[in-house]
Amino acid sequence: MSELSFTPDEMMAIAASRALTNTDVCFVGIGPPSAACNIARLTHAPDITLIYESGTIGTAPDVLPLSIGDGELCDTALTTVPVTEMFRYWLQGGKITVGFLGAAQIDRFANINTTVIGEYDNPAVRLPGGGGAPEIASSSQQIYITMKQSKRGFVEKLDFLTSFGHGEGGDHRARLGIPTNGPTLLITDLAIWRPDPVTKEMTVVSLHAGTTKERVQQTVSWDVRFSDDLQETPVPTEEELSVLRALKARTAAAHAGKRLETA
Amino acid sequence: MAEFLSLNDAVKTYLKSGDTAAFEGFTHLIPHAAAHEVIRQGIDELTVVRMTPDLIYDQLVGMGLVKRMIFSYAGNPGVGLLRRVRDAIENGWPRSLEIEEHSHAALANAYEAGAAGLPCAVFRGYLGTDLPKVNSNIKNITCPFSGEQLAAVPSIKPDVTFIHALRADRKGNVLLEGIVGVQKEAVLAAKHAIVTVEEVVGELDTPINACILPHWTVSAICTVPGGAHPSYTQGYYARDNKTYIDWDPIAADREAFQSWMHDHVLTQGPEVFAERVKGLEVAL
């Protein structure tokens, strides 16, 4: 069998999708998390419940939504609830098993910044802000994060703490009275990371095919910890790749044209 | 009591310089036509509230009409940043912009508290985050029963709330369907609500638990077909994602922005929206 070729972005989306299970109730962030969640639904987890903050519960979009509230999400949802109810009953009420987030900046304890680069009152770059993420991060039973690695993104110190991960590490979440598990998984274009059970420092547990420890370190501003039992991430299967590429193609076609063509 | 007015008259009657205005619609049903009418009338010194500022606040801010913006996500979803909002925050162009920044959970709760007639909203939020350090309207409150520390934010009570809806009946009862966001709360929390609708019909003929705003909760109803474009109206037309993507380079440049606003907003009227949704219609 010839070896499949794939990009780091494809590996990231597919590795992220594998973490989700059929019984998960997943609060989906826009962008890379949305792609991963829908690949999971279209491959090994057809019964996963996907929830977007616009209030759509049990949605099954045919194309990836550009926003968290595209009509496609509502049309294919089991039900759509008001946004107030979404945040109060479903998220704060503890019904979400996995919150899936992206980030602009992340630190070694998986705290996230999506607010500003630079000072808050005089920012170099004003980012969109937290949206649903601060409470997704504290109220979901656990958090998965997916983002590409770069020195600008993987920083020693966040410019602003938008969404709390493991804080300063250790039992910091518990000390703040946050009962949920926080970030348990970080999937990048190069590797899979999990928190150390005690210190909660994010640790590389698996390298994607063709990646080296040196390459991972070059894209991270702190000294990276690697697991003693470092694995290699299984390469994408033919099915995973074809599902991802078909989804991306449908999505690109739908977003490029004014009139939505039906497949 | 709902009055059927032209959009021009409704805005002129109810919105004043210096008011607090909410334009709500969570991706769906964003009241673009109403925001454009406010821009044409040049009503300024506004405090604007919106969970997801989106293109309409990029435009209101870029035209210099906004003094203060209360929000929880200032992005063009799936595309990137709001470049006019950024220019105002980073460079004070065309004027400086005060911001009061929250999370979605906080603002959703704050609208609900406004609708419920409460002074503040209480919820579990902001744990471990930096926003309370930069927003003095985020405080803690102790549960008198359990002792748990909870977050509190002031309720939102706009002078005027603008929303777009599917349709109204001839009495002015308004129907929302699909992603209903926080619009019911934003309307019930406001002194006045102005609702643009796709059409006015004899009977709404809805299921018994439909999301209806009774006519006596609304001040003015304006028929503006396509009035949410490039956002969308469930059952009428789809979200024009291409326009959202195309907005980015326009908003990135001050002159391109001003020229676009001149051509597409300042010299137009609400009637152009019907034309803009042609080709996007969905089957009823």
Side-chain angles (χ1 to χ4, degrees), chain A residues 30-31 53-56 65-75 80-88 91-92 111 113 115 120-135 137-139 158 160-165 167 172-173 176-178 254-260, chain B residues 26-28 51-54 71-82 85-86 89-90 101-106 108-109 111-112 115 123-131 133-134 148-149 178-185 211 231-232 234 238-245 279-280 282:
Chain A
I30 205 63
E53 65 191 14
S54 53
T56 53
L66 184 66
S67 77
I68 44 66
D70 285 24
E72 174 89 2
L73 294 172
C74 182
D75 291 339
T80 297
V81 300
V83 166
T84 46
E85 182 181 317
M86 175 51 62
F87 281 97
R88 287 177 69 79
L91 179 62
Q92 184 177 260
N111 302 296
N113 172 22
T115 304
Y120 186 82
D121 291 326
N122 185 24
V125 182
R126 175 62 230 199
L127 301 169
E135 283 75 24
S138 57
S139 289
L158 298 180
F160 193 89
L161 201 163
T162 310
S163 303
F164 193 80
H172 200 173
R173 285 179 77 87
L176 292 181
I178 308 174
H255 293 175
K258 194 173 183 186
R259 186 188 294 273
L260 295 174
Chain B
F26 204 83
T27 299
H28 179 217
M51 290 181 67
T52 56
D54 206 284
F71 72 103
S72 46
Y73 181 89
N76 181 351
V79 178
L81 310 171
L82 291 180
V85 168
R86 269 189 65 183
I89 293 175
E90 294 169 16
E101 182 168 6
H102 288 279
S103 66
H104 279 349
N109 276 283
Y111 274 120
E112 193 184 65
F123 65 107
R124 188 180 295 115
Y126 291 125
L127 293 163
T129 71
D130 281 348
L131 268 179
K133 297 177 189 165
V134 296
E148 183 178 355
Q149 286 284 305
I179 292 171
V180 293
V182 292
Q183 286 97 302
K184 185 165 145 182
E185 291 78 9
C211 184
S231 173
Y232 68 103
Q234 186 78 27
R239 191 175 195 261
D240 189 354
N241 280 329
K242 184 171 186 301
T243 295
Y244 278 93
I245 294 167
L280 291 163
V282 295

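If you take CD1 on Ile68(A) and CD1 on Ile179(B), they are separated by 7.0 Å, rounding to the nearest 0.5 Å. Once rounded to the nearest 0.5 Å, the distance linking CG of Leu176(A) with OG1 of Thr129(B) reads 10.0 Å. Remark: Ile89(B) CD1 to Asn122(A) CG distance equals 11.5 Å, nearest 0.5 Å.
Both the backbone and the side chain of Tyr126(B) come within less than 4.5 Å of a heavy atom of chain A. With a 4.5 angstrom heavy-atom cutoff, Ser138(A) touches chain B only via side-chain atoms. Contacts between Glu135(A) and chain B at a heavy-atom distance below 4.5 Å involve the side chain alone, from C-beta outward. Of the two parts of Ala133(A), neither the backbone nor the side chain holds a non-hydrogen atom closer than 4.5 Å to a non-hydrogen atom of chain B. Residue contact with chain B, scored on non-hydrogen atoms closer than 4.5 Å, is absent for Glu72(A). For a residue to count as touching a neighbouring chain, one of its non-hydrogen atoms must lie under 4.5 Å from one of that chain's; by this rule Phe87(A) touches chain B with the side chain only. Contact annotation for Tyr120(A): only side-chain heavy atoms (C-beta onward) come within less than 4.5 Å of a heavy atom of chain B. The contact between Thr84(A) and chain B is made by backbone and side chain atoms together, counting heavy-atom distances below 4.5 Å. Only the side chain of Phe71(B) comes within contact range of chain A, judged by heavy atoms closer than 4.5 Å.
Between chain B and the residues Leu91(A), Asp70(A), Asp75(A), the most heavy-atom pairs under 4.5 angstrom are made by Asp70(A). Ranked by heavy-atom pairs shorter than 4.5 Å toward chain B, the options Pro123(A), Ser67(A), Pro65(A) are led by Ser67(A). Among the candidates Gly132(A), Gly167(A), Ser163(A), Pro134(A), the residue making the largest number of heavy-atom pairs closer than 4.5 Å to chain B is Gly132(A). When each of Val81(A), Val125(A), Leu127(A) is checked for heavy-atom pairs under 4.5 Å with chain B, Val125(A) comes out on top. In terms of non-hydrogen atom pairs under 4.5 Å with chain B, the most contact-rich of Ser139(A), Gly130(A), Gly71(A), Gly165(A) is Gly71(A). Interface remark: of the candidates Gly75(B), Ala105(B), Ser231(B), Gly80(B), Ala105(B) forms the most heavy-atom pairs closer than 4.5 Å to chain A. Counting heavy-atom pairs closer than 4.5 Å to chain A, the top residue among Gln183(B), Arg124(B), His102(B), Glu101(B) is Glu101(B). Options Ala108(B), Ala106(B), Gly128(B), Gly78(B) differ in how many heavy-atom pairs under 4.5 Å they form with chain A, and the most are formed by Gly128(B).
Annotation for Tyr73(B) and Gly131(A): closest pair CB-CA, 3.9 Å, computed over non-hydrogen atoms. Across all their heavy atoms, Cys74(A) and Gly178(B) have their closest contact at SG-CA, 3.5 Å. Across every non-hydrogen atom of Leu131(B) and Phe160(A), the tightest pair is N-CZ, 3.7 Å. Nearest heavy-atom pair, Glu90(B) versus Arg126(A), reported as atom, atom and distance to 0.1 Å: OE2-N, 2.7 Å.
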- Hey, mind stepping through Leu127(B) and Arg173(A) against side chain to side chain contact (heavy atoms under 4.5 Å, CB included) and telling me if it holds? CA-CA 9 Å; Leu127(B) 293 163; Arg173(A) 285 179 77 87; over 6 Å; no

- Message: Quick one, Leu73(A) with Thr27(B), criterion side chain to side chain contact (heavy atoms under 4.5 Å, CB included). Give me CA distance, side-chain angles, the key distance, then yes/no.
- Response: CA-CA 11 Å; Leu73(A) 294 172; Thr27(B) 299; over 6 Å; no

- Run the side chain to side chain contact (heavy atoms under 4.5 Å, CB included) check on Asp130(B) and Thr115(A) step by step: do they pass? CA-CA 10 Å; Asp130(B) 281 348; Thr115(A) 304; over 6 Å; no

- When you look at His104(B) and Met86(A), which way does the side chain to side chain contact (heavy atoms under 4.5 Å, CB included) test go after all the steps? CA-CA 10 Å; His104(B) 279 349; Met86(A) 175 51 62; over 6 Å; no

